[in-house]
Every structure is written in structure tokens, then in C-alpha cells.
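First the proteins, then the strands, lettered A, B, ... as listed; each starts at 1. Only this structure's heavy atoms are used, side chains among them; waters, hydrogens and symmetry mates stay out. Because the structure is a prediction, the values reported are computed rather than measured.
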Amino acid sequence: MTSLTTDLSRTVGDVFAAEGLDAAFGAVQVSDRPDLAQFQCNGALGAAKAAKANPRAIAEKIAARLKSDVRFAKVEIAGPGFINLDLTDAALNARIAAPERAAEANGKTALIDFGGYNVAKPLHVGHLRSTIIGDCLQRLFRADGWKVIGDVHLGDWGLQMGQLISEVEIRGIAPVYFDAAFKGPYPEQSPVTMEDLEELYPAASAACKADPARLEAARRATQQLQDGRPGYRALWQHFVKVSEVGLARETASLGVRFDLWNGESTVHDLMAPMLEDLKARGFAQMDEGALVLPVAEPDDKKPMPPLLLVKSDGGVLYGTTDMATVVERVRDYDPDLILYVVDHRQHGHFEQVFRAARKTGIAGKAELEHAGFGTINGPDGKPFKTRAGGVMKLHDLITMAVTEAKVRLAEQGLGEDYSPEEHETIARQIALATIKFADLSNHRTTDYIFDLERFSKFEGKTGPYLQYAAVRIQSILRKAQGEGHVPCTPAIHSPEERALVLQLLSLGDAMQAAEQKRAPNILCDYAFTLAQNFSRFYAAHHILSESDAALRASRLGLCARVLAVMAGTLDILGIAVPERM
RNA sequence: GAACCCGUAGCUCAGCUGGAUAGAGCAUCGGAUUUCUAAUCCGGCGGUCGCAGGUUCAAGUCCUGCCGGGUUCGCCA
């Protein structure tokens, strides 16, 4: 369903056009001053500037034409030339009565890259944002009619793999994979568990940092792995499988689903032909022993180093796999947009890759975009750590949030009579809402301080507060059903209802803005404002005890619409609404 | 050293291509309501939008400089 302001913009735009002005000046938005009007159009100011005319005079002409439209209860000119508009309740009622339709398929494909998960490494707070923000964006794009392909894009092919392999070799954990005389087949059972990997990788990484010989061994192992040494490939397969099972379990517990579990290794076979092609077409060249692709442009304000494709030792880098991944995605999906939801500190890297992809034409019609995000900091304003100073694992963070949710429930004296299973389910749902809403309600690009105590509060701008608002409406509707009251199409009878209807009707604006700016915080604001409007309505009017049957049915209908919109918005945010709380 | 991001109320944060009196939550103070789950509603207090210039009818928003914080700058990802 097109948003109300879009329709109003068309109406007002036609009037601008009728006055010989650009219809784009007719853009209508929800008013910044709700005390003065419901909607406003600032176009007269812009039109006046363009035409070097008096803004109020233009506004007068526009307003005169708009006044003949019966949908408007008020058309006023204010200040330097704002056009303030109110719709009649009849117009609002008609609008809210129209059934909410899902967006039609727009024929466009978006590929969302959640890049950042790595084989052998558990998820930590750093992965929280790419997962939560990326999931929200994929839900949002889908809701708007895009075909969306979410790809975890696993880090499974770099030096870290070589580090692991050489660590396993040194420890003598599974000698068969290192026996050059062994002809296979290799064991089906993995020689290591996820827990082993979580211990092996940091050890290997630290050893390589401390000892150049170890680093060299790791490099060699990486190279041999990529060249296809059978034992290494077999061992690596185990690493990947074990890791994927662990990662899938964790992301599933977050309620996040991916379409593809591709990794850097997926494109390995595409790299050699791609590199040949880039060399043949003169884009790639040798420099200081490495193969590079220059991406600097004359008007650059900062030095832009070339994209490194092949190191002087013959190994490839993540820029190479990123390029090959673009080739693969264009070949398989021909997307209109590839969105990389990755920490903003990698901005420079993506700038290089995007330039290289555009310059060489490998991106096809796809727009490449980096939706970067800031870091999650602890109370001290520094990157979030455990009390012991280590990296905070995602699993531990969720456990903390579940514990906190139970504390909150106990504080409110809630859930004591629920079964242990239901109590646990509700606590988990609250915990995820706490974490997700906290993350999404902060602007994507800024760093924020993770304050679990504040985020988990049941009052204020929090996830649990929104869940509660939805739960309370569910409760009313259930009770109404029990009493045999049937909701009907809502109509406005009071200022509180009018404000609530206006908020319901601005859903499209919020979704559109959130999508265009890749900014989930806009949806969070929308949901919170909706909950506030509902609370005002709820405080001012009785619903079930209303004796006028028609009024009661209308208010129940309004409740049903609010619940539908709230649940739908929370769903896009990846937040579930519990049956009860 | 260079480039990019940030600096808004006591705290945590919004503020769209420049537009009307800069907003929200928390905290604090006061009031309502004793409820359809109070996890509520209404109101007060609180800001020279880092500083100084500039463009404009209009600047938190655009430009320049400075101060303060963060990040990044070819063989890790």
C-alpha cells in the first residue's frame, strides 16, 4: 500500500504543476508541528527560490486550489510559506478502512552480505550488529517487495586456515592428514570439535604473532590448502563443517536465517580465470612483486592504494575473494544491489573493492554498497569486554540477557504461575527483544554503550516495553472474543483515536525511510511512538467496558489494527511478540 | 602526517535533501488514575546544538578554520 503522504504529495504536486511549477515541490510530510497541523508542504519555499518569487504568494495560489478538495478539513498558510494540511476524519476513516496489502514484488534483487563470521571462531559481540542489522534489512527489503538473498559469507579461506592446520600438525592431533603417503579416504569423523577449534585458533594466532617461523609455516599451509593438497583439504572440510553447525545453532537461536552459507572458498575456482581476465584487459599489473589493480582517481583527496590481488608470495587476499564473489553473485543472481553489512572500519577496503568492481565492469548492473556500523562499547566507552577482559561471546551475552529478563519478570511478579517451559520461552523472547531493540534503535553508524540494565527495563524506550504493549492488546482482544465482542472497521471519535490512526497511516513512511537509509532506528522510533499513542488512547478510553456497542466494536477494531502494525513492525526488527507476559 | 566519522539536556541517544518554538527515553520534581496486566497517562525542571567565522530570507543541518574524541591509511581479515 502506498503511504498516505505519497498520495498527498501527488495531490499537492498536481496542484503545483497546474500552477506551472515543478510537481516535486508538492512533497507532503507529516507535520513537525502536530499542534498546528497533521501534514505540511514546504514546497512553496523551494518553488519561490527557484522562480525568484514571493513564497507566500505561491502558497496562496496552491492553498486556494487545495481548498476545493473535500478531503481536507484545513488548508492554512503559516510562517514564511508553509502549507499546513489537516484531513477530515471521514478521509482518515476511509484510509484506515482500506485493507493493508503486502507490497507487490518489485522485480529487484538484493544480495545482503553478512561478512564477518569466521571458521573456528565463536561469534562475539562484534558479530551481533552485522547479524541483527543485516537481518532487519533483509526482512525490510523483503517486506517492500524485493527478492532478497542473505549470504553469511564465511571467512573460511585465509591465513587463519593455514594457522589452524599447522597448529593441528604441531600438536600431532591428527597425523593422517599430514602423511603425504596416505592415499585416503580420510576419516569422516572430525578430529576436532568446535570447542577444540575455539582453543586452537587463538593459540595458533598468538604463536604466529610471536614466532616468524610459525607464521611462515602457516603461510605455507594456507598456500598448500588453496593449491588443493588432499589432506589439508580434508582437514579443512572438517573445520568448516564443525564451525557451520555451531554458527547455525547460534544464529538460529537469534531467530536469524540465511539463504546461503557460502564462504570465501566458494569462489576459489573463479579467481584464476578472473585474474587472467583482469590481466588480459590491462586492469591488473605487477607492482613491488604483487599483482595489483590501481583504483586511485585524479580527484581523490586522499591517497588511494591499489587493490592487492596477489601477494608477492603468490597468495591471494580478501580483496581478491571479494572481487571473485562479485563475479559469482552477478553470474548466479544478477542482483540490483549488493549490500555489505560489515563493521564501518572496513570502509576503506570496500571503497577499493567497489571501485575495482565498477572500473572493470564485473559488477554488472549491481550497485555495491557498504552499510557499515559502529562498535558496541562497554560502560567505560571502550570496546565491550567480559569482566576478565576477554572478548564477550555472543552466547554469553544472550545468557546474561536471559538472566536479566528473569530478574525483571520476578521484579514485576510475573510468570510465577507459568510452566517452567513457558517461563523460559518468555524470558528468551524478552532477552532477544532487549538486545535487538537496543542495537537497532541506535543509529547504525554510531558506536553505542551496551547497558544491559537500562536496555532490559520494562519501561522507557526498550524492546520489552514494545512487547508488552503488543501483549496487552492481545489480552484485550482475547478477552473481547471471550465476551463475544466482535471488532469492526474503526472510526475516529476522539483526539486520541485520531492521533493513533495518523500514526498507523504513517507506517509506509517509516518503512520507506528506513529502507532508503538502511536505518532500522527509524522503524524503532516508529514502533515506540505507536506504542505511546496506543497508551494514550488506552488511558483515555475504556474499551471492553464501553456500553455503546458500536463504539466498542470500533475501538476493538482499532486495537486489532494497532496490534497488526505493531507485530508487523516488530517482526521486521526480528522481535517476537510473546503470547503473554 | 593525510583522509573519513563523531562532539546536541545531568546520563543514553534521535533530529530526512537547510525551514516554524531543537526532540525522546532515563534521572529528578509535581499531579491523575487504584486499572482492560501501573510495565500507564498528564505536567514541571533541564540545551550559548564543541569554539570562531562565512553562505542564506532561514543553519544543529551547508562551507572554512580551530579544539577535543574515534577510525583507517598495500602484501591480516
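Listed by first then second residue, pairs satisfying ring pair (Phe, Tyr, Trp, His ring centres under 6.0 Å) with a partner in residues 298-322 of chain A read A:Y318-A:H349, not counting sequence neighbours. Residue pairs meeting the salt bridge (Lys or Arg N to Asp or Glu O under 4.0 Å) criterion with at least one partner in residues 432-457 of chain A, sequence neighbours excluded, are A:R129-A:D439, A:D451-A:R454. For residues 456-475 of chain A, the ring pair (Phe, Tyr, Trp, His ring centres under 6.0 Å) pairs, not counting sequence neighbours, are A:Y465-A:F528.
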So which protein N/O to nucleotides 14-19 of chain B N/O distances come out below 3.5 Å?
from, atom 1, to, atom 2, distance (Å)
B:rA14, OP1, A:H443, N, 3.0
B:rA14, OP1, A:T446, OG1, 2.8
B:rA14, O2', A:D525, OD2, 3.2
B:rC16, N4, A:Q29, OE1, 3.4

Close N or O pairs between protein and nucleotides 61-63 of chain B (under 3.5 Å):
none

Considering only nitrogen or oxygen atoms on both sides, find all protein atoms under 3.5 Å from nucleotides 75-77 of chain B and state each distance.
from, atom 1, to, atom 2, distance (Å)
B:rC75, O2, A:S312, N, 2.8
B:rC75, O2, A:S312, OG, 3.3
B:rC75, N3, A:S312, OG, 3.3
B:rC75, N4, A:E288, O, 2.8
B:rC76, OP1, A:R219, NH2, 3.1
B:rC76, OP2, A:R219, NE, 3.3
B:rC76, OP2, A:R219, NH2, 2.7
B:rA77, O3', A:E264, OE2, 3.0
B:rA77, N7, A:Y318, OH, 3.4
B:rA77, N6, A:Y318, OH, 2.7

Below 3.5 Å between N/O atoms, which protein atoms pair up with nucleotides 41-47 of chain B? Just atom names and distances, please.
from, atom 1, to, atom 2, distance (Å)
B:rC42, OP1, A:R536, NE, 2.3

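Legend: residues meeting ring pair (Phe, Tyr, Trp, His ring centres under 6.0 Å) with A:F82, ordered by chain and number and at least two apart, are absent. The side-chain hydrogen bond (donor to acceptor under 3.5 Å, both in side chains) test applied to A:H485 returns A:E483, A:R552, not counting sequence neighbours. Annotation: side-chain contact (heavy atoms from CB on, under 4.5 Å) contacts of A:A519 (sequence neighbours excluded): A:K517, A:N521, A:I522.
One P atom belongs to B:rG25, the other to B:rG19, and the distance between them is 23 Å to the nearest Å. Nucleotides B:rG43 and B:rG65 have their P atoms positioned 45 Å apart, rounded to a whole Å. The same atom, P, is picked in B:rA9 and in B:rG47; the two are 10 Å apart, to the nearest Å. Remark: the separation of the C1' atoms in B:rU56 and B:rC62 is 10 Å, to the nearest Å. Taking atom P on both B:rG60 and B:rG50, the two are 10 Å apart, rounded to the nearest angstrom. Nucleotides B:rC49 and B:rC6 are separated by 14 Å at their C1' atoms, to the nearest Å. Using atom C1' as the reference point in both B:rG23 and B:rC16, the two lie 14 Å apart (nearest Å). For B:rU61 and B:rG15, the C1' atoms lie 9 Å apart once the distance is rounded to whole Å.
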Only distances under 3.5 Å count here; give the side-chain donor-acceptor pairs of residues 200-220 of chain A to other protein atoms, sequence neighbours excluded, each with its distance to 0.1 Å.
from, atom 1, to, atom 2, distance (Å)
A:D211, OD1, A:A213, N, 2.9
A:R214, NH2, A:E167, OE1, 2.5

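When heavy atoms are screened at a 4.0 angstrom cut-off, A:G79 is found touching no nucleic acid atom at all. Using a 4.0 Å heavy-atom cutoff across all strands shown, A:N84 reaches at least one base atom of the nucleic acid. Using a 4.0 Å heavy-atom cutoff across all strands shown, A:F528 reaches sugar-phosphate atoms only and no base atom. Nucleic acid contact for A:M304: none, since no nucleic acid atom lies under 4.0 Å from a heavy atom of the residue.
The CG atom of A:L440 sits 17 Å away from the C1' atom of B:rA24 (whole-angstrom rounding).
Not a single donor-acceptor pair, N or O on each side, falls under 3.5 Å between the base of B:rA20 and the side chain of A:D35.
For RNA chain B, if you chain together Watson-Crick or G-U pairs that step i with j, i+1 with j-1 and so on, the runs of at least three with distances under 3.5 Å are B:1-7 with B:67-73, B:10-13 with B:23-26, B:28-32 with B:40-44, B:50-54 with B:62-66.
Where A:I449 and A:R580 each meet RNA chain B at their nearest nucleotide, the meeting point lying more 5' is that of A:I449.
Between A:K121 and A:E198 there is no salt bridge, since no side-chain nitrogen of the basic residue lies less than 4.0 Å from a carboxylate oxygen of the acidic one.
Counting all heavy atoms, side chain and backbone alike, A:F537 lies closest to A:I543 at CE2-CD1, 4.0 Å.
Annotation: A:F354 is in aromatic contact with A:Y340 [ring centroid separation under 6.0 Å].
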